[in-house]
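Working notes for the structure below.
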Amino acid sequence: MSSALLTTGRLPGGSVRTALRNDPPIRSDRPECVDTLNALESYRSTRAGAVEARAAFAQSQSGRFLQEVLRALPGSGARTDLRQAAAVLSGRAEFAIGRSDGTTGTERVVAHGSAGVGDASWHATVTATSETFTVQETLVLVVVGRTLVVLSEAGSPTAPSRSRTLSLARTAASRVP
């Protein structure tokens, strides 16, 4: 499996391939929400037989990041993961978070439902706020066959337009082998 569904030529001008710092929240008053977001974006799948690839892009060191995670899952695993994530994250409003460096803040998930992409999809706006920063992302989950595409486009203080992220999700989904 390749993480080349999206390339710099298909992204907004100035985008370059990068490595994102992986420092997800580790504590929350709603651990199921943090665990779900971390499982989608930060941690490798623990499902037996899962094959995974990742790519990250940025327009600068401080803004507009795009992360693509592809997971080929056995059986109906891709649909199951999408359904479970949507069920946990929909209607959860705001919850407290804590990071390994001791900083605290909140995350807010606003579910938007189906993205109208692939065999099944779901998307939301996720806003993370701490004492020193606000980051907002558009999170899109798309199932194509047995593959789950997780696309996250983030900016500070606001995410790029949702329509742009959904367009990138359509492009990525059309390229799933």
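A heavy-atom distance below 4.5 Å is not found between the side chains of Trp122 and Val142. Residues Glu32 and Asp35 fail the side-chain proximity criterion, which asks for heavy atoms closer than 4.5 Å.
Val140 and Leu37 are members of different hydrophobic clusters when ILVMFWY side chains are connected at heavy-atom separations under 4.5 Å.
Residues Ala39 and Arg71 approach most closely at O-NH2, 2.7 Å, considering heavy atoms. Nearest heavy atom pair, residue Leu89 against residue Val109, reads O-CG1, 3.6 Å. In terms of heavy atoms, Ala78 sits closest to Gly145 at CB-O, 4.5 Å. Taking both residues in full, the closest heavy atoms of Asn38 and Pro24 are given as OD1-CB, 3.1 Å, listed atom of the first, atom of the second, then distance. Of all non-hydrogen atoms in Val117 and Ala173, the two that sit nearest each other are CG1-CB, 3.7 Å. Nearest heavy-atom pair, Gly118 versus Val144, reported as atom, atom and distance to 0.1 Å: CA-CG2, 4.2 Å.
Side-chain atoms of Ser76 do not come within 3.5 Å of backbone N or O of Arg79 as any donor-acceptor pair. Using modelled atom types, one side-chain atom of Thr171 and one backbone atom of Ser167 make a donor-acceptor pair closer than 3.5 Å. When atom types are taken as modelled, the side chain of Ser28 and the backbone of Ala96 share a donor-acceptor pair closer than 3.5 angstrom. One N or O on the side chain of Arg54 and one on the backbone of Glu41 form a donor-acceptor pair closer than 3.5 Å. His123 places no side-chain N or O within donor-acceptor distance of the main-chain N or O of Thr138, the cut-off being under 3.5 Å. With hydrogens and angles ignored, the 3.5 Å screen pairs a side-chain donor or acceptor of Ser121 with a backbone N or O of Gly116. At distances below 3.5 Å, not a single donor-acceptor pair connects side-chain atoms of Thr103 with backbone N or O atoms of Arg99.
Atoms CD and OG1, on Gln136 and Thr125 in that order, are 5.5 Å from each other to the nearest 0.5 Å. Atom CD1 in Ile26 sits 8.5 Å away from atom CG in Asp101 (nearest 0.5 Å). The structure places OG of Ser90 at 10.5 Å from NE2 of His112, a figure rounded to the nearest 0.5 Å. From Glu153, atom CD reaches atom CG of Leu151 across 7.0 Å, with rounding to the nearest 0.5 Å. From Asp119, atom CG reaches atom OG1 of Thr147 across 9.5 Å, with rounding to the nearest 0.5 Å.
Applying the ring-ring contact (aromatic ring centres under 6.0 Å, His included) rule to pairs touching residues 153-177 yields nothing, sequence neighbours excluded.
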Step-by-step side-chain hydrogen bond (donor to acceptor under 3.5 Å, both in side chains) determination, Gln67 to Ser152: CA-CA 5 Å; Gln67 176 175 256; Ser152 169; 5.5 Å; no

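Scanning for salt bridge (charged side-chain N to carboxylate O under 4.0 Å, His left out) contacts around Arg47 gives Asp81, with sequence neighbours left out.
For the side chain to side chain contact (heavy atoms under 4.5 Å, CB included) test with Ile97, the passing option among Thr104, Asp29, Val34 is Val34; the others fail.
Inspection of the Glu52 and Ser45 side chains reveals no N or O donor paired with an N or O acceptor under 3.5 Å.
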